[in-house]
Number of protein chains: 2
Amino acid sequence: MPTKTSPLIKKIEAVVPLQTDERDFIAELERDRRTVSARTDLVKQGEKYPGVGILHSGWAIRYKSLSDGRRQIVNFLLPGDAFGLFANLFELSDHSVATLTDASLSVFSPDLVAEMYRKHPKLAAAFAWFSAREEAIIAERATGLGQRTAFERMAHMLLELLKRLEVVSLANDNKFELPVTQEILADTLGLSLVHANRTMRKLRESGLIEIEGQNIFLRDVRALADVADFDDLYLYLQRMSKQAVKRFSEAV
Amino acid sequence: MPTKTSPLIKKIEAVVPLQTDERDFIAELERDRRTVSARTDLVKQGEKYPGVGILHSGWAIRYKSLSDGRRQIVNFLLPGDAFGLFANLFELSDHSVATLTDASLSVFSPDLVAEMYRKHPKLAAAFAWFSAREEAIIAERATGLGQRTAFERMAHMLLELLKRLEVVSLANDNKFELPVTQEILADTLGLSLVHANRTMRKLRESGLIEIEGQNIFLRDVRALADVADFDDLYLYLQRMSKQAVKRFSEAV
DNA sequence: CGAAAAGTTGATCTACATCAACGTGCGTGG
DNA sequence: CCACGCACGTTGATGTAGATCAACTTTTCG
């Protein structure tokens, strides 16, 4: 009886197919689960990392705060995403991580990650891939914050979420659940709450999206991509090349 | 006769002290040098990575372009910095890299990087550290773009450059060379050229900085850090912990 | 020396912020 | 089971940081 594949495994296998022992190693990592309620801090800026974590269900954010209370949400954490991977290297975190919804997650020692790197080079390659993607996502966010208008930014963010959720089967037919207040949207897009609201309305009124409660439907992905100048290259959704896998796996 | 230590070696040794063989490996990587004139593209968005590169002298930028010509400079590359490290994983680049000044650099195959990871775990640890720092820098830039005013952003950027240049001995007494046009500053900070100019003036007029040609002097670092809400934690300038080095070096 | 690149400054415009008020759903405690 | 409170969403009026437009000056460099 095959257990339901976890979001993390889905995410990994979208990039590099796994063998049984590799899948088992991940399952082992994920076995110990913790439930956490909405709006709980998992990592605190300026404090020690509690370890490395994997999100199984629910949404979280990674954000940075200024001393006067302003905050920038740097990225969303969706099911299958990891956080605190830098715990491997740095003792203190320069950012915070907090749940938005009730969530289920696993936390473990950075030593386990190091072990994984040694024993399972293919998994190491996948994690390197995810780190690189994370950086690319943040760079794209910076680009939006610096160059795009509010309208463009909002459209871009929705498309990014769609693509990322599709990988873990949480979006279908251009529809997904968006369990996020407008304040969160505002802090992600560098807008005031009021303007985030008006921007959403404009998107609705222009017929590009439809919202019902927490459910959003991107009615015209093509047109959205057009206004946002969205190109999913930065999400690196293709499979890893054999050569790249080799580089991680083989001795010279 | 000891050769002058390269910026890269300086940067690495600020994080983890090296042994002779490790230093030799880096020297080998860096031996083959190329001179490139100002405003040359080294990596092009949407195209193949030419390989992995190390900048020895001169400045460069990493930037992303929108299809209508807007561009966001995502990071500066200073002597000792690497670019195209993702060539290891991805075939196409989602960003461009271009020199700002005449520059000297080495480019080599991603296979060499993989070899380094295998043979010299301490160097692998250092490069992982730099990747993590790069991500942290971009996250901090996103935070500035989303939350800080023009004045704050400019002050913040100058402090970041100061700290980074100090590591490779290119800044002393809060003075350094800033070989950058105001257009570049504008595209970094998400401002119009005109406003970048006025913001610079305001910094000068408030006595926080002094400029003479390409040379800049941060007269009051304390006050600058105060207006910018600058905290250098994100630059991770301390040494790597023994435990972290171990994680990379040791078998379980 | 001439032309182009870079810097500077004033006038005006606008995207978005701020302030203020009100509506609506919903969880909780009496 | 109701009502009260609070989080969240919505909308109008007004303010402002920064964009845009348009000159002009200074520096750089072939």
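Sequence lines set the chain letters: A, B, ... in the order given, protein chains first and strands last, and positions in each chain run from 1. Model, not experiment: these values are computed from the prediction.
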Is the phosphate of C/dG7 approached by B/Asn197 (side-chain N or O, under 4.0 Å from OP1 or OP2)? no

Indicate for each nucleotide in nucleotides 20-30 of chain D, in 5' to 3' sequence, whether protein heavy atoms under 4.0 Å reach the base (B), only the sugar-phosphate (S), or nothing (-). BB---------

Residue B/Asp68 excluded, over 12 heavy atoms near CG under 6.0 Å: yes

Assign the ring pair A/Phe90 / B/Tyr236 to parallel, tilted or perpendicular, where the plane angle (0 to 90°) is split at 30° and 60°. parallel

What is the distance, rounded to the nearest whole Å, between atom CG of A/Leu185 and atom C1' of D/dC8? 12 Å

To the nearest angstrom, the CD1-P distance between A/Ile184 and D/dA7 comes to 14 Å

Without decimals, in angstroms, what is the distance between A/Asp187 CG and C/dA17 C1'? 14 Å

From CZ of A/Arg70 over to P of C/dA17, roughly how many Å is that when rounded to an integer? 13 Å

Round to a whole Å and report the spacing from CD of B/Glu183 to P of D/dA19. 14 Å

Paired with B/Ile61, the side-chain contact (heavy atoms from CB on, under 4.5 Å) test is passed by just one of B/Thr99, B/Leu100, B/Leu42, namely B/Leu100

Inspect the surroundings of CZ in B/Arg70 and state if more than 12 heavy atoms from other residues, nucleotides or ligands are less than 6.0 Å away. yes

Within a 6.0 Å radius of atom NZ on B/Lys10, are there more than 12 heavy atoms belonging to other residues, nucleotides or ligands? yes

Nearest whole Å is fine: how far is D/dT10 P from A/Glu205 CD? 11 Å

Interatomic distance, B/Arg204 CZ vs C/dG7 P [rounded to whole Å]: 11 Å

Residue A/Thr181, side-chain atoms from C-beta onward, closest of D/dT11, D/dT10, D/dC8: D/dC8

Between C1' of C/dA15 and CG of B/Leu191, the distance in whole Å: 15 Å

B/Glu212 atom CD: more than 12 heavy-atom contacts under 6.0 Å: no

Give a yes or no on this: more than 12 heavy atoms of other residues, nucleotides or ligands lie within 6.0 Å of atom CZ of A/Arg34. no

Crowding at CZ, B/Arg219 (>12 non-hydrogen neighbours, <6.0 Å): no

Taking everything shown except B/Asp32 itself, do over 12 heavy atoms lie less than 6.0 Å from its CG? no

Near DNA chain D, under 4.0 Å by heavy atom, which residues of residues 148-162 of chain B? B/Thr149, B/Ala150, B/Arg153

